[in-house]
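Note sheet for the following structure.
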Amino acid sequence: MNLVTSTILVVTIFCIVITKVAGQSETTTAAAVTKEKTNVKESALCKKCICNLDTSLLDCSEKLGQWLSAEEWEILTNGDYEFKTIKLEHNNLTSVAILPKYSVENLYLAYNQIADIADAAFQNLTELSTLDLSHNKLTAKALRPDVFKGRYSENAFEALKNMKSLNLGNNEIHSLDADLFEHIPYLEELILCSNTFQVIDKLTETAISGLTSLKTLDISYLEIEDLPTTVLHGPRDLDDLIASGNLFRQLPEALKYAKNLERLVLDENPIASLEGDNVFPPMTSLRYLRMSYMPYLFKIGTGALSELQNLTELILSDNKVLNEIDELALSKNVTGGRYLDYPPLEHVYLKNCNLTTLPTPLLVRWDKLKTLDLRFNPWSCDTSNDHLINILIQQINKTNPLLANDVLCATPSELKDVTVLRVSNEHLAAGSSGSLIWVGLLVVLLIAIPTILGAYVMKRRGCFGLFNRNENGASRALYNRTSFNEDFHI
Ligand SMILES: *[C@@H]1O[C@H](CO)[C@@H](O)[C@H](O)[C@H]1NC(C)=O
Ligand SMILES: *[C@@H]1O[C@H](CO)[C@@H](O)[C@H](O)[C@H]1NC(C)=O
Ligand SMILES: *[C@@H]1O[C@H](CO)[C@@H](O)[C@H](O)[C@H]1NC(C)=O
Ligand SMILES: *[C@@H]1O[C@H](CO)[C@@H](O)[C@H](O)[C@H]1NC(C)=O
Ligand SMILES: *[C@@H]1O[C@H](CO)[C@@H](O)[C@H](O)[C@H]1NC(C)=O
Ligand SMILES: *[C@@H]1O[C@H](CO)[C@@H](O)[C@H](O)[C@H]1NC(C)=O
């Protein structure tokens, strides 16, 4: 009896304790959960910076003057919302330390004074896809491969495998470490513009040619005179190459390896002419070519663009001294047949150059063009430019009237600053075949017909008859009747 009671008592107490402990642990977990989630939208951070939950943007540009504080990071890492894009531009940041774990995808650190980045600084940002470090003070020395090191796991460092876009433009870089991209091997976009490379050395070449997933490469304004021949050998899928504002005097030979390139920009390079050996190599995928603001480009010679047989958009505007485009600049004898092949151009821009005439055979189907911008050139309005005056300008007015406005004649002097369209409509062109036809017709009407008639009459009636008719001054009907009668009598 006593034993039973005490057993029940013990069991009861035990149960109570168990329940109590369980309940307690339940309440602690619940408390921890509610404490963890910070309301991001109402947080101090979102009062300081711009928080846009619709676009998932946290914009602290010009708002901090330093890095986010530990408390501010706490708001983010323990928040009820995670931003995909964080902007910290114009904040006088001088270095990047190892950043806390956060699922940001786009991180903008441009326009700071960053000169130093810690090893594995981005290891905890495993979702990071776009990193903008442009307009900082990064040097070749600061850009060690370990900067981009991922997490350490199973005896090795993981790659930052989501990193697709890296902007290092406008820094103080003159060379890249050969292994710089070893931890970010899947880069699809690399921007190096406006750094004083002066030459793409062997190490830089190795770094770039290792990026086999690269689709866009911007190497504008690097002060380079050439590209190493094989630099584009690795990035086989490169679609876009932007190489404006360099010191190329010739087309880089490296282009012949850019087999799959679709868009190429070579603005502002000191190439003077495209002819002879200095013409584009076969680039059959190229659809867009821009060579504008070329200060010395005066001639586009025979075959210069002939190997670009898939070109749909050609932009050669603002080449102030461009004076000559050879009529065989675009065509290619592909089939060996009777007709040449031409690229399927849809948009051609030749604005603001020094062109005077446009050769008809340059392009076989001008009517397929959707855009033809010929404005601000010193056009000749004479026979040498028939095609432009009689056909092209009318077509431009039909398809894109705005582009017809500033197509003006420069010569001959009496047509200076008259629109080519007016010259076309009013047949003003000096000696153009349009007026030649009219002159020819007039000649026929005024000279040939009376002469033939006269000759006929003379043959029938002799000089006297003709003389006789004029002298008599008889009415035409009467004359005709007599003439008929006379003829009848003969
Ligand atoms: C960065 O430094 C400059 C010069 O010291 C200062 O004028 C500017 O306000 C600073 N920027 C921020 C966001 O604090
Ligand atoms: C970043 O990741 C490292 C290793 O993965 C870890 O040791 C560190 O605590 C993390 N830092 C923060 C602030 O989350
Ligand atoms: C030419 O361009 C078209 C698309 O405009 C593309 O489908 C085709 O594959 C290109 N040809 C070559 C040889 O790259
Ligand atoms: C434009 O071409 C003409 C020859 O057609 C040449 O005389 C003139 O100097 C050129 N102008 C410029 C700016 O190169
Ligand atoms: C193309 O080349 C072939 C052989 O080289 C030649 O017979 C043919 O006339 C050329 N076609 C044109 C349009 O020049
Ligand atoms: C340009 O074309 C439009 C119609 O396409 C026509 O009405 C107009 O008169 C043309 N302008 C000139 C100056 O020929």
Side-chain angles (χ1 to χ4, degrees), residues 45 47-50 58-69 72 86-96 108-115 135-137 270-274 291-301 316-327 350-359 366-367 369-385 388-413 415-429 432 434:
L45 183 59
K47 300 219 156 53
K48 210 167 177 180
C49 301
I50 298 164
L58 170 64
D59 189 352
C60 294
S61 298
E62 283 182 88
K63 299 283 196 291
L64 303 174
Q66 58 187 329
W67 274 99
L68 293 163
S69 66
E72 284 160 347
I86 298 181
K87 285 193 180 179
L88 296 169
E89 299 178 347
H90 294 284
N91 274 320
N92 295 337
L93 309 180
T94 56
S95 63
V96 184
Y108 293 90
L109 300 174
Y111 299 99
N112 284 293
Q113 283 107 53
I114 297 170
H135 297 272
N136 276 295
K137 293 194 166 9
I271 297 171
S273 73
L274 294 174
M291 289 180 101
S292 293
Y293 296 99
M294 308 282 279
Y296 307 122
L297 185 65
F298 69 94
K299 179 173 181 185
I300 296 183
L316 295 170
S317 293
D318 301 290
N319 295 316
K320 291 281 196 184
V321 301
L322 179 58
N323 187 234
E324 184 182 349
I325 302 181
D326 192 277
E327 61 178 39
L350 296 167
K351 184 177 64 122
N352 211 15
C353 298
N354 192 23
L355 295 168
T356 55
T357 58
L358 214 50
W366 291 94
D367 59 323
L369 286 178
K370 296 193 180 96
T371 315
L372 178 59
D373 190 349
L374 303 176
R375 294 173 299 162
F376 309 111
N377 278 283
W379 295 111
S380 304
C381 289
D382 56 33
T383 22
S384 63
N385 222 3
L388 170 60
I389 296 166
N390 294 322
I391 295 160
L392 289 185
I393 197 68
Q394 293 294 344
Q395 222 168 277
I396 292 171
N397 179 49
K398 237 183 277 159
T399 52
N400 209 333
L402 280 181
L403 295 184
N405 282 348
D406 291 297
V407 183
L408 306 179
C409 305
T411 56
S413 52
L415 291 178
K416 190 163 164 43
D417 295 333
V418 175
T419 64
V420 174
L421 189 58
R422 198 182 139 210
V423 171
S424 176
N425 286 340
E426 299 175 20
H427 306 286
L428 301 175
S432 90

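If you read the sequence from its start, that first residue is 1, and numbering goes on from there. Remember, it's 1-based here, ligands and their atoms both numbered in the order they're listed.
- The N/O atoms of T356, backbone and side chain alike, include none that comes under 3.5 Å of an N/O atom in ligand 4.
- Summarising the geometry, atom OG1 belonging to T419 is positioned 8.0 Å from atom CD belonging to E426; distances are rounded to the nearest 0.5 Å.
- Atom 5 (O) of ligand 1 is never approached by the protein to below 4.0 angstrom, counting heavy atoms only.
- Cation-pi check for K351 over F376 is not met; the charged atom does not lie both under 6.0 angstrom from the ring centroid and within 45 degrees of its normal.
- Summarising the local packing, NZ of K398 is surrounded by 12 or fewer heavy atoms from other residues, nucleotides or ligands at distances under 6.0 Å.
- Within the listing of ligand 1, atoms 13 (C) sit less than 4.0 angstrom from a heavy atom of H90.
- When side chains are defined from C-beta on, T357 does not count as touching L355, because their heavy atoms never get closer than 4.5 Å.
- Residues K63 and I50 form a side-chain contact, since some pair of their non-hydrogen atoms from C-beta on lies under 4.5 Å apart.
- Taking a cut-off of under 4.0 Å to the non-hydrogen atoms of N92, the atoms of ligand 1 that pass are 1 (C), 2 (O), 3 (C), 8 (C), 10 (C), 11 (N), 12 (C), 14 (O).
- Taking atom 8 (C) of ligand 4 as the reference point, the nearest protein heavy-atom neighbour is N354 ND2, 3.7 Å.
- Distance check on atom 1 (C) of ligand 1: some protein heavy atom falls below the 4.0 Å cut-off.
- Ligand 1 has no N or O atom lying under 3.5 Å from any N or O atom of K63, backbone or side chain.
- Ligand 1 places these atoms under 4.0 Å from at least one heavy atom of E62: 13 (C).
- For the residue pair S380 / D382, no side-chain donor-acceptor distance below 3.5 Å is found, with atom types taken as modelled.
- Atoms of ligand 4 found under 4.0 Å from any heavy atom of V321, numbered from 1 in the order shown, are 14 (O).
- Within the 4.5 Å cutoff, the side chain of N352 has no heavy atoms near those of the N377 side chain.
- Distances below 4.0 Å separate heavy atoms of N397 from the following atoms of ligand 6: 1 (C), 2 (O), 3 (C), 8 (C), 10 (C), 11 (N), 12 (C), 14 (O).
- In this structure, atom 14 (O) of ligand 1 lies nearest to the protein heavy atom G65 CA, 3.4 Å.
- Here OH of Y293 is found 13.0 Å from CG of L316. Values are rounded to the nearest 0.5 Å.
- Rounding to the nearest 0.5 Å places CD of E324 at 9.0 Å from OG1 of T356.
- Of the protein's non-hydrogen atoms, the one nearest atom 13 (C) of ligand 4 is K320 O, 4.0 Å.
- By the 3.5 Å distance cut-off applied to N or O atoms, N425 is counted among the residues near ligand 6.
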